[in-house]
Amino acid sequence: MKTLKAGTRLKSAACDTEVMVIRTRPEPVLLCCGGMEMIAMDGQKAAAEPDAAFAQGALVGKRYVDEQDTTELLCTKGGKGSLSLDGALLVVKQAKALPSSD
Amino acid sequence: MNIVMALEMAADCHPDRIAVTSGTKSLTYGDLLRAARTAGAVVRDSGCRYLGLLDINSPAAPVAIFAAAYAGVPYVPMNYRLTRPELEALLARIEPAFLVAAPAYVEALTMPAGNRVVSAEDFLALAQGNTAPATEAPGDPSTVAVQLFTSGTTGTPKAAVLRHENLMSYILGTVDFAGADDADAALVAVPPYHIAGISAVLSSTYACRRMVQLPNFDGATWLTLCRDEGVTNAFVVPTMLSRVMEHLDAIGESGALPAMKAIAYGGGKMPPQVIEKAMAIWPAVDFTNAYGLTETSSTICLLGPEDHRDAFTSADPEVRRRLHSVGKPIGTVEIEIRDAGGKALSAGELGDVFVRGGQVSGEYLGVGSLLDADGWFPTRDRGFVDRYGFLYLDGRADDVIVRGGENISPGEIEDVLREHPAVSDVAVVAMADEQWGEAVAAVVVPREGANVAAADLQDWVRQRLRSSRVPAAIRFRNELPYNEMGKVLRRVLKEDFRDEAQPA
């Protein structure tokens, strides 16, 4: 369990996935990728593959949110593992596309 | 949260896609990342505390924006059109700076001893040289990414501060990552020292879109470059679009731009005649009006393509007038209109425009934050929101004419005068008046060949607006003074009326 902060970057312990926290709730959460808790950017990866139940992949550039919409992550690097919060899979947030203004 | 994240993601997903084209030179996103990391290490090791740019647009500009982030210092692009004393004052304020500057702009200057000066060519050579690249950007989300000097029309230029979290909040809130197609290309015609020049680099990078730079704008070159480079997106300030229209009129060509998909405009008030003409010439192009300020990391409101088409084809005056609107706030910001006492106003009521959101910095170096306790920033723009939620601007608070206690916006008088057949351009300003404190004064540019008397124009206004709106004095000029971003220099026009003794 970790207390997350907006702007914090984390990486997967089980695949290439990297994320940045956009917003979150103040309580500690268990943020996982591939079924393993995500680690600091300079942390040591585990010698493990993503858990089959959490291996649908994370896509770069996509926003991921929990069902209660308390936490939002930006995937900054894609990987094989799926993102989950306190055991529940995060889903891709469909953002309304804005016309290019610059 | 750092702007280099946008570049790292782009270079990771599309390393071989062209990031920037400038004349015959180009850099891929992979090249741009390597150059920014290498130049970042050079700047970091120099011990300089700023990375300045004093030059027209070139590939050195996008490299410098990201290199500054890798060096952990603010990027400070400056206006190369300033006078020598103005530039010397700014350069002293950023000493010691690593300054990328064209020799022609710095030759005549007294350079502060702590500033290290290199040309854009030498900077790019360093960026592509053998220095070990910086791999990570230092600092945290609140580190200053960009410092922009305001135009300083009312005094010493203020240094507006934009932090990584402000700029990234804007980019993440408005741009789809890698949303651009392989063939997409955005034409960047605004200068690098303008906020639109910064946001063009950041938005294009996050969208993985190719930037095509046009360092010295003119209507003919803009059209040629659009065609030769297959430009699909362009941002223009209103005067640029006017010049393109004038050029098409002058040479009588169709103006066909087969690749163009979307044109965005902003940075000043768009004359309705110009946008309507552009929509008629390019019916397939999506037009977007973007309203934003330096202090808000660029765009806060958008009038999108659908809104343009609805307004253009509608017979309902309330829908039709949306072409004069700057649209609705983007999802990540809020707008509030307040009266002079700070009370929030309702739909249709004119007041001061306030804005709130993560991209709003509202902060100046040495002055501090102008945000109130609830995070609202006073834009100093006047405006109202209609019952559909569209924001209409009504000039700058500083331009309001206070005549005998009555607040008069120059905009409504200018709009009426512009409809007169003999008027080509017009600006309305305040002039000192013994009886009223301030009075309405107008500077009019007559249409070529047209002959019109001041009294006729005064009658024209009297028939359409309240008598307090009738200009007490009218001067004629061959053209109005504009800055390069298309803003009328009202202070210059006010000077014209300083010694006004006689009514027109």
Side-chain angles (χ1 to χ4, degrees), chain A residues 2-12 15-26 31 33 38-45 57-66 69-81 83 90-102, chain B residues 1-2 5-6 8-9 12-13 136 140-142 164-165 168-169 172-180 184 186 188 190 195-204 206-209 232-235 261-262 264-266 286-292 298-299 301-306 330-331 358:
Chain A
K2 272 196 196 82
T3 306
L4 303 178
K5 218 177 92 185
T8 301
R9 295 181 73 171
L10 296 162
K11 69 179 183 185
S12 172
C15 68
D16 293 334
T17 302
E18 293 177 7
V19 300
M20 187 186 73
V21 180
I22 303 269
R23 59 191 168 84
T24 184
R25 53 182 189 240
L31 176 64
C33 181
M38 295 194 79
I39 56 175
M41 292 300 279
D42 55 4
Q44 196 62 42
K45 283 192 194 249
L59 294 170
V60 66
K62 296 288 182 199
R63 310 280 194 102
Y64 289 86
V65 289
D66 60 332
D69 199 27
T70 64
T71 299
E72 181 171 346
L73 310 172
L74 170 70
C75 177
T76 57
K77 191 171 184 154
K80 284 191 271 184
L83 297 163
L90 299 183
V91 293
V92 172
K93 179 186 176 183
Q94 297 300 339
K96 197 178 122 217
L98 287 173
S100 170
S101 63
D102 33 36
Chain B
M1 197 169 325
N2 188 295
M5 194 182 84
E8 289 171 3
M9 288 168 72
D12 203 26
C13 286
E136 251 180 90
D140 58 39
S142 67
H164 285 280
E165 58 197 357
M168 286 312 284
S169 170
L172 298 178
T174 59
V175 185
D176 270 347
F177 175 70
D184 283 1
V188 183
V190 286
I195 181 63
I198 308 275
S199 60
V201 171
L202 299 179
S203 295
S204 297
Y206 197 62
C208 302
R209 183 181 290 120
T232 54
N233 299 68
F235 176 87
K261 293 195 281 196
Y265 60 92
D286 284 345
F287 284 91
T288 298
N289 184 359
Y291 162 56
S298 184
T299 308
C301 283
L302 283 179
L303 185 78
E306 282 313 306
I330 58 175

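Everything numeric in this text was worked out from a predicted model, so none of it was measured.
- With a 4.5 angstrom heavy-atom cutoff, B/Ala186 does not touch chain A via any of its atoms.
- Partners of A/Thr3 under the side-chain contact (heavy atoms from CB on, under 4.5 Å) rule, at least two apart in sequence or in another chain, are A/Pro28.
- In this structure, B/Cys13 and A/Val60 approach most closely via the heavy-atom pair SG-CG1, 3.3 Å.
- The distance from atom CG of B/Leu172 to atom CD1 of A/Ile22, rounded to the nearest 0.5 Å, is 5.0 Å.
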Which atom pairs, one donor and one acceptor, sit under 3.5 Å between chain A and chain B?
{"unit_1": "A/Gly7", "atom_1": "O", "unit_2": "B/Met1", "atom_2": "N", "d": "3.3"}
{"unit_1": "A/Arg63", "atom_1": "NH2", "unit_2": "B/Leu172", "atom_2": "O", "d": "2.3"}
{"unit_1": "A/Ser101", "atom_1": "OG", "unit_2": "B/Tyr170", "atom_2": "OH", "d": "3.2"}
{"unit_1": "A/Ser101", "atom_1": "OG", "unit_2": "B/Thr299", "atom_2": "OG1", "d": "3.2"}
{"unit_1": "A/Asp102", "atom_1": "OD1", "unit_2": "B/Ser203", "atom_2": "OG", "d": "2.7"}
{"unit_1": "A/Asp102", "atom_1": "OD2", "unit_2": "B/Tyr170", "atom_2": "OH", "d": "2.6"}
{"unit_1": "A/Asp102", "atom_1": "OD2", "unit_2": "B/Ser199", "atom_2": "OG", "d": "2.9"}

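- Looking at every heavy atom in both residues, A/Pro99 comes nearest to B/Gly304 through CG-CA, 4.3 Å.
- Atom NZ of A/Lys80 has 12 or fewer heavy atoms from other residues, nucleotides or ligands within 6.0 Å.
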